[in-house]
Number of protein chains: 2
Amino acid sequence: MPATIRDVAKASGVHVSTVSRAFSAPQLVNAETRAHVLAAAEELGYRPNRAARALITGRTHNIGLIVADIANPFFPPLIKAAESHARGRDYHVFVADTNEDAGVEEELVLALAKQVDGVLLCSPRMSNTQIEQLSREVPLVVVNRPVPGLPAVVMDVAQGARLAVEHLVALGHREIALLGGPRGSWTNREIRRAATLAARNAGAELVVLGPNAPTEESGSAQAEAVLRAGVSAVLAYNDLMAVGLIDALDHRGVKVPDQISVVGIDDTALSRRTRPMLTTVATPTAAAGRAAVDMLLQHGDDRRTTALVTLQTELVIRDSSGPGPHRTAGPGRRQQPPVDGVASESRE
Amino acid sequence: MPATIRDVAKASGVHVSTVSRAFSAPQLVNAETRAHVLAAAEELGYRPNRAARALITGRTHNIGLIVADIANPFFPPLIKAAESHARGRDYHVFVADTNEDAGVEEELVLALAKQVDGVLLCSPRMSNTQIEQLSREVPLVVVNRPVPGLPAVVMDVAQGARLAVEHLVALGHREIALLGGPRGSWTNREIRRAATLAARNAGAELVVLGPNAPTEESGSAQAEAVLRAGVSAVLAYNDLMAVGLIDALDHRGVKVPDQISVVGIDDTALSRRTRPMLTTVATPTAAAGRAAVDMLLQHGDDRRTTALVTLQTELVIRDSSGPGPHRTAGPGRRQQPPVDGVASESRE
DNA sequence: AGTTCTGCTGCAAACGTTTGTAGTCGCATG
DNA sequence: CATGCGACTACAAACGTTTGCAGCAGAACT
């Protein structure tokens, strides 16, 4: 029923190959002929069949995008940016959701492999070995984790964690808890490493609580542990957990930030909606989505490149972090941290 | 490079057609032969090329999902449910985002048309006529709006609006504002109609403010108008606007719900995170996603069916709605409704 | 014994494109 | 006048499947 290239050829009195070239190689066909063809195509409402084209060219003009959980507010901006960016380059995007399950992750990559020109693997929970294996099936770009030999885009979350810890120390906190994220998360390891280091350098103590699922619930569930740990400040793996923690503290009558300061990571839409508004590390999720698409389209088939894009993060100071018990002197609560560079502009 | 059906045929010593049937019509091939074939396929890591299959069968096993704004918390649960449901039926989902723009909507449907077996059009802003036209290009299921002659799944948001208004009236509110949603939204018209009717029946006055973009910002922007209107309660087009409004009221020192009650619609994840927690109308978004997929897969090619699935909504009473100036007697603010059935709760 | 049936498998055409190769034509070149 | 070239177009093979049809055993009827 739908018009094919043959219908167009018939209608414009030329051969199908000419029609094809009229679309994909305009310089090879007489301008006049081309005009005829295009008119006929328009007339018939012809749209090339991408499946047929894919069959012969080997490129589907589709890309896969695999995330851990669409409902996690971290991902929608990334998905949105990637989709829109890809569409601008005439690519369509398959979105799939793994429910934070490494097994589903693998299955999805395999299922999508023959259907797409490449896959954007966001925050994978698989092992590097598994990922490398999969990259033999289909070009992969990994987001939020560097994998040796594969193109990846990561956020400098270590920098963010450092800034967060320094911010808390500057406010007078000496005992800080880190609400760890999920096992298998590179980001989690980075945060932990950087936060530990930053704390040590600043003469503060860092207690690690976790690993935990990156959800609001598990943030709430850790409230007891936080209180038991006797800390005056908490850095959470992400905003979701920070929000859950604040809620649970609130229920127990613990005031944030008066009694405990809480800092999140990601600067999701959520962070502006909590009371108090959340101090958090902003990660450039939309930029990451676009960068990942670019890398995929650019590298095309030469997998096993070692390209790594690192995006900067910054600390956004709001109301959930305040003076700690060891406050000596210095800036007021909402004031900018002393720091160099990135930290000093908290955009809002 | 990747194994084709021909490789499998060669490896297992049968004809390609037998291999094909071993996968798609098991009853037509000898069990033993089939086992051989499957073993060989497994060995070679063979996965059928969906593009080639689509070419001949005419079914791509893909479906398109078009939403107004992925970042709007209303949509992720719907997308997630649809994707997972579709995958269970061996379908993959293209997700695209229109940025609330009717023009982009049309373009997207057309772009996806040849690539999918059908499109789920969520909360379209186009005219019915346009939608009907597009349905000639590709099977369509409309979500959140009934379109004559097309399969659709809608939420009984009128019911929800009625319950919300009745709830407010029962609490003693007589002047209620409705924060209208976007122009072109069927849901918006429904809410308005039902709320107006419910208010009239209950002897209350309803002021309509709008239309507005369905965003937090425009909710905040209407705070002044709400105060000027002198109402004691507000029903918002969605949670996002309700949240924005609450924020803005808070900034002005207006207490919710003590001075003004606010009720949202959608029961997004947001609503449990606001202070006070939002009273809202729960819409079954995940169920809608699944239902839409089912309808699409079921109707297959017979477009122009008139099937309409209506999903029930219910009122979730939390803390943002409280007693109004005309309180006489009745249930306490946080009291549970008399349960059994969604509708009965605010009958009094 | 011949016939029909059943269960399985092979053959080959099709699906809608792209693309290498070969042809045609007119025209300038030598 | 032959030759070659440039600009264009037609031909046909290929991509990896599915599927109607035919073929061929052997079993089960008549």
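Proteins come first, then strands; the chains are lettered A, B, ... in the order of their sequence lines, and each starts at number 1.
Of the residues in residues 16-42 of chain B, B:Ser17, B:Ser20, B:Arg21 come within less than 4.0 Å of DNA chain D through at least one heavy atom, sorted by number.
Summary of the strand contacts: B:His15 and A:Arg47 both lie near DNA chain C, and taking for each the nucleotide with the nearest heavy atom, the more 5' one is attributed to B:His15.
For A:Arg183 and A:Asn188, the side-chain atoms include no donor-acceptor pair closer than 3.5 Å.
Considering every non-hydrogen atom in both B:Asp117 and B:Tyr91, the closest pair reads OD2-CE2, 3.4 Å. In terms of heavy atoms, B:Ala3 sits closest to B:Tyr46 at O-CD1, 3.3 Å. When all heavy atoms of A:Asn72 and A:Pro214 are compared, the pair lying nearest together is ND2-O, 4.4 Å.
Salt bridge annotation for A:Asp97-B:Arg87: absent, with no cationic side-chain nitrogen under 4.0 angstrom from a carboxylate oxygen. Note on A:Glu105 versus A:Arg125: no salt bridge recorded, every NZ/NE/NH1/NH2 to OD/OE distance being 4.0 Å or above.
In summary, contact between chain A and DNA chain C, defined as any nucleotide atom under 4.0 Å from a heavy atom of the protein, begins and ends at C:dG16 to C:dG20 in the 5' to 3' direction.
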Requested in this report: Could you please spell out the steps behind the salt bridge (charged side-chain N to carboxylate O under 4.0 Å, His left out) verdict for B:Lys80 and A:Asp69?
Outcome: CA-CA 8 Å; B:Lys80 184 171 175 131; A:Asp69 178 11; 2.5 Å; yes
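Partners of B:Asn62 under the side chain to side chain donor-acceptor pair (under 3.5 Å) rule, at least two apart in sequence or in another chain, are A:Gln115.
Using a 4.0 Å heavy-atom criterion, one finds that B:Arg6 contacts the bases of the nucleic acid, with or without backbone contacts as well.
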